[in-house]
Amino acid sequence: MTDQQTVRLTVAQAVVRFLSLQWSERDGRRQKLFAGCLGIFGHGNVAGLGQALLQSELEHEGREADNPLPYVLSRNEQAMVHTAVAYARQKDRLQTWACTASVGPGSTNMLTGAALATINRIPVLLLPSGTFATRVAAPVLQELEQPSAADVTVNDAFRPLSRFFDRVNRPEQLPAALLGAMRVLTDPAETGACTIALPQDVQAEAFDWPVELFDDRVWRIARPPAEQVDLDDAAALVRAAKRPLVVAGGGVHYSGAEEALRVLCEQTGIPVGETQAGKGSLPHGHPQEMGAIGSTGTTAANALAAEADLVIGVGTRWSDFTTASRTAFQDKGVRFVNINVARFDAGKHGGLSIVADAREALTALGAALEGYAVEPGYRERQAELWAEWDERVEAAYHPSELVTSALAPGLLTQTQVIGAVNELTDARDVVLCAAGSMPGDLHKLWRVRDRKGYHVEYGYSCMGYEVPASIGIRMAEPDRDVFAMVGDGGWLMMPTELVTAVQERLKVVVVLVQNHGFHSIGSLSESLGSQRFGTRYRYRDASSGRLEGEKLPVDLAANARSLGAHVIEVHSADELTQAIKEAKAWPADGGPVVIHVETDPTVYAPDSASWWDVPVSEVSELESTRNAYADYTEHKARQRPLLAPTHSTPGDTAGGGS
Ligand SMILES: Cc1ncc(C[n+]2csc(CCOP(=O)(O)OP(=O)(O)O)c2C)c(N)n1
Ligand SMILES: [Mg+2]
C-alpha cells in the first residue's frame, strides 16, 4: 500500500471526468477544450461511456448549463465527426467535441470523419469502442476475425487516419493515452483526429485512479515565433522581388492572423490570393484582396500567380487546387517562402521555411520590411485585374435576361442562387459547403465580409459534410445564421442529420440545390471525354438499357419536410429572395429551414483560366476521349516540378532568374 490518494471509477467514468477538466488557452484566454460528447450507443459503449455520461448528466439535473460534458445524440457516426470538425474549425481549433461510437460498424462509420479531420488539420477526439479485451466469448457480434493476426480489430483502420492512436487494453494505460491525445489535439502543427479505442469490457472496468488525474489541466496553444535568420532572409527575398504574391491558407484563420496580414499588405502593397480554407483572410473589397487562387480561382489572382517571382505561402498545405496542379506559377525564377506552423508544410516547393505561428511571423515580417513597397505599377495592375473580375461576379450574381430567358421555366442559375444568398445574408452569417460544383463557385464568387463567414471543407471535399457541419457551426456560434449550400447528390448522402438539428432546436438553413445529379462530375466527365457517363439521376431507359431515361420522381422537399424541417420551395428569383428573408426571420430556436431550389446545371460560373489535373485515357475508341487526351497533354506540358530550392541569400541563387 502507498499513501497515494485514489478515486475508484470505471474507465469510462474516468474518461468523462478527465475530459470535463481539460482547458485550452491562447492569448491569455481560456476555454473548455471539450464542448461535449456526440454519440450513438450500441453494445460497445451503452454501459461504459453511456453510463458515465448519464451519471454526469444526472449530477447536473436542473443545472444543465453546468454539465461539463453534455451528450448530443447524432444520427450517423460519420456525421457526428463532421459536426465536431465544423465546431472546432469555427472555434479556430481551440475547442472541439469527443465522439463515442459502438463496436464495429458504429466505429468504422467514423473513419471518413477521421480522414476529413486529419486532412483538414482539425482536432477531434474519437472514442471507438472495441470488442472484449479479454476475448473470453470471442467472436462477439460485429467482431472482425483475422485468422493470421488475432489482435487486429476494425479499429486498427483508424491508425493511418489519426494523428494519435492508442487502444486501452488495461485501465493502467488510460492516463498516458488521454495525455497523449490532449497533447496532439492542442498542438497546432500536429493536430487532427485523435483516436482512443476503448474495448467494451475495459470501459466498464473499475480502477483506483490517482486523484491528480482529475486536476484541471490547461493546454496552452503555442504561437511559436519565427527565427530571426529566416525572417531576414525572407525580407531580403521580398525586397529583391518585383512581383511578390501572398497565398493565404487556413492557417491564417486558425492563428487569427487576418489583421497582421492586412497590415502587411497595406504597408507593402503585396496582393493576396486565397485557398478554400484561407478565403476571407482579407475582407472583400480590400485593395490587395485578389480572392480565390488556383483551379477555382479568380482570373485576377491567377494572372498574378502566373507572373509572380516570389510566392509567400501562409498557413497553406499547397493542395493541387491551390497550385492548379502545379501550373499556376509560371515565372521561370519563381521562388517560395512558406510560413507555416508545421515544418512539413513549410518545406514544400523548395521554399524558404519559416516555421512559426502565422500571426507572429507576419507581424515580424512586416517589421523586417519597413520602408518597402511594391512599385506603383504593380498596385495598378492588381486594381485593374480585380475590377475586371468583380464585374464578372456581378454579372453572375445578376444574370442578364438573355441568360435567364434561355432557362427552362422555374429554373435559376446556381450563380444567381449564390448571389441572392450573399446579398441577403448578414456579414457575420456563415456560408457552408463541401462537395459538388458549389465549392468551386463559392470559392470564386462568394464575397466574404467576416473572417469566420466562409466555411468550405475542401481538404476531403466530402459529400454529406454540410448538414452535420451546419449543426457544429450553429452550436459553436449561436449568434450567426448558417447557410449550408447542398447539392442533391450531397443531400442524399447525409440528410438524416437534420433530425439532430430538430432535436436540439437548432436554426440551420440548408439551401438544397436540385439539378438531378452531379453538375460537377458531369461537366468534369464531359471535359475529359467521358460524356457525363453515369452522373445524372435518371431512370434506366428500357430500350437502351442506359441511365438516360426520364428524371427520377424524387421529392427532396418532401424528404426534408418528413425529417422535421420547415421547407420553402422556390421557383423564381423573387421567391428565392422571399425564402431567404423568411429564413433570416425564422426563430433562433425554430429548428432547421430548408430552401429547395431547382437550378440549371448547364450554366457555369465565370471561368478561372486555370486547370486541374485529372488523368484522361491515353488510348480510346471514343473520339471525345481522344480529343480530351490531346487537350490534356497540352496542359501537362505546363506542369512544373517546383523543386528549385530557395536559398537564403538573394542575388546568389534565390530568385536567380532561370
Ligand atoms: C463522399 C463522396 N463521394 C463521392 C465524391 C465525388 N464527388 C464529388 S462531387 C460529386 C457530385 C456532387 O453532386 P451534387 O451534390 O448534386 O452537386 P453538383 O455536382 O450537382 O453541384 C461527387 C460524386 C465526393 N466528393 N464525396
Ligand atoms: Mg446535383
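No hydrogens, no waters, no symmetry mates; every other heavy atom, side chains included, goes into these values.
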Query - Straight-line distance of Leu69 CG to Ser20 OG, nearest 0.5 Å - result: 4.5 Å

Report task. Examine Phe41 together with Tyr71 and report whether their ring centres are nearer than 6.0 Å. Result -> yes

Query raised in the report: Regarding Tyr460 and His82, is there a side-chain donor-to-acceptor distance under 3.5 Å anywhere?
Result: no

Query raised in the report: Any ion pair linking Arg428 and Asp481 (charged N to carboxylate O, less than 4.0 Å)?
Result: no

Query raised in the report: Hey, are the side chains of Arg26 and Arg220 touching, using non-hydrogen atoms and a 4.5 Å cut-off?
Result: no

Query raised in the report: In this structure, are over 12 heavy atoms from other groups packed under 6.0 Å from Glu57 atom CD?
Result: no

Requested in this report: Check for a donor-acceptor pair, side chain of Thr191 on one end and backbone N or O of Arg121 on the other, with a separation under 3.5 Å.
Outcome: no

Query raised in the report: Less than 4.0 Å between a side-chain N and a carboxylate O, is that true for Arg30 and Asp216?
Result: no

Query raised in the report: Does the pair Asp426/Lys584 count as a salt bridge with the N-to-O cut at 4.0 Å?
Result: yes

Query - Non-hydrogen side-chain atoms of His43 and Gln142 separated by less than 4.5 Å - result: yes

Query raised in the report: Heavy-atom distance under 4.5 Å between the side chains of Val593 and Ile568, does that happen here?
Result: yes

Requested in this report: For Ile595 and Ala583, work out which heavy atoms get closest and say how close.
Outcome: CD1-CB, 4.2 Å

Query raised in the report: Got a second to check how far Asn155's CG is from Ile196's CD1, nearest 0.5 Å?
Result: 12.5 Å

Query raised in the report: Would you call Arg561-Asp555 a salt bridge at under 4.0 Å N-O?
Result: no

Report task. Check the side chains of Gln503 and Arg75 for a donor-acceptor pair under 3.5 angstrom, ignoring hydrogens and angles. Result -> yes

Query - Pairing of Arg317 and Asp345 as salt bridge, 4.0 angstrom limit - result: no

Query - N/O donor-acceptor pair under 3.5 Å between Asn169 side chain and Val202 backbone - result: no

Requested in this report: Report the distance from atom CZ of Phe158 to atom CZ of Phe165, rounding to the nearest 0.5 Å.
Outcome: 8.0 Å

**Report entry** With Leu54 via side-chain contact (heavy atoms from CB on, under 4.5 Å) - residues at least two apart
**Finding:** Leu58

Report task. Apply side chain to side chain contact (heavy atoms under 4.5 Å, CB included) to the pair Phe164 and Glu190, showing each step before the final yes or no. Result -> CA-CA 9 Å; Phe164 176 88; Glu190 287 292 308; over 6 Å; no

Query raised in the report: Are side-chain heavy atoms of Glu258 and Pro283 found at a separation under 4.5 Å?
Result: no

Report task. Evaluate whether atom CZ of Arg159 has more than 12 neighbouring non-hydrogen atoms of other residues, nucleotides or ligands under 6.0 angstrom away. Result -> yes

Query raised in the report: Does a side chain donor of either Ser24 or Gln31 reach within less than 3.5 Å of an acceptor in the other side chain?
Result: yes

Query raised in the report: Does the side chain to side chain contact (heavy atoms under 4.5 Å, CB included) test come out yes or no for Leu49 and Val15, once each step is laid out?
Result: CA-CA 8 Å; Leu49 277 166; Val15 168; 4.1 Å; yes

Report summary line: Rounded to the nearest 0.5 Å, the CG atom of Leu38 sits from the OG1 atom of Thr83 at a distance of 6.0 Å

Report task. Indicate yes or no for a side-chain donor-acceptor contact from Asp66 to the backbone of His60 under 3.5 Å, with no hydrogens or angles considered. Result -> no

Report task. Take the angle between the ring planes of His566 and Trp586 and call it parallel below 30°, perpendicular above 60°, tilted in between. Result -> parallel

Query raised in the report: With no hydrogens and no angle check, is any side-chain donor or acceptor of Asn76 less than 3.5 Å from a backbone partner on Ala79?
Result: yes

Report task. Indicate whether the side chain of Glu59 and that of Gln55 have a donor and an acceptor atom separated by less than 3.5 Å. Result -> no

Query raised in the report: Under 3.5 Å, side chain of Asp156 to main-chain N/O of Thr153, donor-acceptor pair present?
Result: yes

Report task. Begin from the C-alpha positions of Arg170 and Glu205 and carry the test salt bridge (Lys or Arg N to Asp or Glu O under 4.0 Å) through to its verdict. Result -> CA-CA 9 Å; Arg170 296 279 319 142; Glu205 197 173 334; 3.8 Å; yes

Query raised in the report: Would you say Gln578's side chain and Glu575's backbone share a donor-acceptor pair under 3.5 angstrom?
Result: no

**Report entry** Pairwise side-chain contact, Thr500 with Val72, heavy-atom cut-off 4.5 Å (strictly under)
**Finding:** yes

Query raised in the report: Would Thr186 and Arg93 count as having a side-chain donor-acceptor pair, cut-off 3.5 Å?
Result: no

Report summary line: Between Pro68 and Ser56, the two heavy atoms sitting closest are CD-OG, 4.3 Å

Query raised in the report: When rounded to the nearest 0.5 angstrom, what is the spacing between NE2 in His253 and OG in Ser281?
Result: 4.0 Å

Query raised in the report: Side-chain contact, heavy-atom cut-off 4.5 Å: Glu504 with Arg474?
Result: no

Query - Residue pair Gln203 / Ser129, side-chain donor-acceptor N/O under 3.5 Å - result: yes

**Report entry** Arg223 and Asp357 ion-paired at < 4.0 Å
**Finding:** yes

Query - Sequence-distant partners of Asp92, salt bridge (charged side-chain N to carboxylate O under 4.0 Å, His left out), two or more places apart - result: Arg451, Lys452

Query raised in the report: Just by distance, do the side chain of Trp209 and the backbone of Leu9 share a donor-acceptor pair under 3.5 Å?
Result: yes

Report task. Could you tell me whether the side chains of Glu477 and Gln90 share a donor-acceptor contact shorter than 3.5 Å? Result -> yes

Query raised in the report: How far apart are the C-alpha atoms of Met494 and Gln78, what are their side-chain angles, what is the distance that settles it, and do they pass the side chain to side chain contact (heavy atoms under 4.5 Å, CB included) test?
Result: CA-CA 9 Å; Met494 197 78 74; Gln78 181 190 132; 3.3 Å; yes

Query - Expected output: side-chain Glu274 to main-chain Gly280 donor-acceptor under 3.5 Å - result: yes

**Report entry** Contact check, side chains of Glu457 and Leu116, non-hydrogen atoms, under 4.5 Å
**Finding:** yes

Query raised in the report: Quick one: are Leu432 and Ile473 in side-chain contact, heavy atoms under 4.5 Å?
Result: yes

**Report entry** Ala222 to Pro188 - nearest heavy-atom pair and separation
**Finding:** O-CG, 3.8 Å

Query raised in the report: Going by atom types only, do Gln22 and Trp219 share a side-chain donor-acceptor pair under 3.5 Å?
Result: yes

Query raised in the report: Considering all heavy atoms of both residues, which atom of Met182 and which atom of Leu125 are nearest to each other, and what is their separation?
Result: CE-CD2, 4.2 Å

**Report entry** Spacing of Leu126 atom CG and Ser162 atom OG [to the nearest 0.5 Å]
**Finding:** 6.5 Å

Report summary line: Minimal heavy-atom distance between Thr275 and His443, with the atoms involved, is C-NE2, 3.3 Å

Requested in this report: Write down the atom of Tyr465, the atom of Val85, and the distance for their closest heavy-atom approach.
Outcome: OH-CG1, 3.9 Å

Query raised in the report: When you measure from the side chain of Asn422 to the backbone N and O of Trp446, does any donor-acceptor pair fall under 3.5 Å?
Result: no

Query raised in the report: Does a donor on one side chain and an acceptor on the other come within less than 3.5 Å for Thr425 and Arg449?
Result: yes

Query raised in the report: Got more than 12 heavy atoms from elsewhere within 6.0 Å of CZ, Arg29?
Result: no

Query raised in the report: Partners of Arg359 by salt bridge (charged side-chain N to carboxylate O under 4.0 Å, His left out), sequence neighbours excluded?
Result: Asp27

Query - Evaluation steps, side chain to side chain contact (heavy atoms under 4.5 Å, CB included), between Val513 and Val486 - result: CA-CA 6 Å; Val513 179; Val486 190; over 6 Å; no

